[in-house]
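Quantities reported herein were computed from a predicted structural model and do not represent experimental measurements.
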Amino acid sequence: MELKINQQIKQFNAESLSIQSLLDLEIPNKQNGIAVALNNNVVPKANWNQQLVSETDEILIISATQGG
């Protein structure tokens, strides 16, 4: 499966992935304070386990940062 994550094309050896399983592969230790958009639509964290991604989907992972 080919996905575009934060403007980079990545390949995955899976036919089906949820957003949560994708995050477990990509950023297993940094899942607090992030937001995920799938094809320009924000996906609530409560839906990450149910929301499946498809071939050629675009995913944006945004991390909250501190500063002023």
Side-chain angles (χ1 to χ4, degrees):
M1 175 185 313
E2 182 177 285
L3 299 170
K4 191 174 189 179
I5 302 173
N6 291 354
Q7 303 300 319
Q8 295 182 346
I9 303 294
K10 297 200 175 187
Q11 296 284 338
F12 295 91
N13 293 328
E15 292 184 25
S16 177
L17 281 174
S18 68
I19 289 177
Q20 184 61 62
S21 52
L22 174 68
L23 293 173
D24 291 342
L25 292 171
E26 285 293 295
I27 51 172
N29 300 317
K30 299 180 182 180
Q31 294 182 16
N32 290 328
I34 65 170
V36 178
L38 175 63
N39 299 321
N40 296 318
N41 295 306
V42 174
V43 179
K45 188 171 186 170
N47 296 351
W48 289 359
N49 281 318
Q50 294 82 26
Q51 180 66 57
L52 297 178
V53 295
S54 300
E55 183 83 21
T56 70
D57 276 348
E58 291 189 27
I59 295 103
L60 180 63
I61 303 170
I62 303 166
S63 297
T65 58
Q66 293 181 336

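Hydrophobic clustering keeps Leu38 apart from Ile62 (ILVMFWY residues linked when any side-chain heavy atoms are closer than 4.5 Å, directly or through intermediates). Cluster membership for Val42 and Val36, using ILVMFWY side-chain heavy atoms within less than 4.5 angstrom, is not shared.
Pairing each heavy atom of Lys45 with each of Gln31, the nearest pair is NZ-O, 3.8 Å. In terms of heavy-atom proximity, Val43 sits nearest to Trp48 at O-NE1, 3.1 Å. Closest of all the heavy-atom pairs between Asp57 and Ser54 is OD2-N, 2.6 Å. When all heavy atoms of Ser18 and Asn49 are compared, the closest pair comes out as CB-O, 3.4 Å.
Of the inter-residue distances, the one linking Gln8 atom CD with Ile59 atom CD1 reads 12.5 Å to the nearest 0.5 angstrom. To the nearest 0.5 Å, atom CD1 of residue Ile5 and atom CG of residue Leu22 are 4.5 Å apart. If you take CG on Leu17 and CG on Leu3, they are separated by 7.0 Å, rounding to the nearest 0.5 Å. To the nearest 0.5 angstrom, Gln51 atom CD is 12.5 Å from Gln20 atom CD. Distance check, rounded to the nearest 0.5 Å: CD1 of Ile19 to CD1 of Ile61 gives 9.0 Å.
More than 12 heavy-atom neighbours from other residues, nucleotides or ligands sit within 6.0 angstrom of CD on Glu2.
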- Message: One pair to check against side-chain contact (heavy atoms from CB on, under 4.5 Å): Glu15 and Met1. What are the steps and the verdict?
- Response: CA-CA 6 Å; Glu15 292 184 25; Met1 175 185 313; 5.7 Å; no
- Item | Stepwise side-chain contact (heavy atoms from CB on, under 4.5 Å) check, Leu60 with Asn6 | CA-CA 5 Å; Leu60 180 63; Asn6 291 354; 3.2 Å; yes
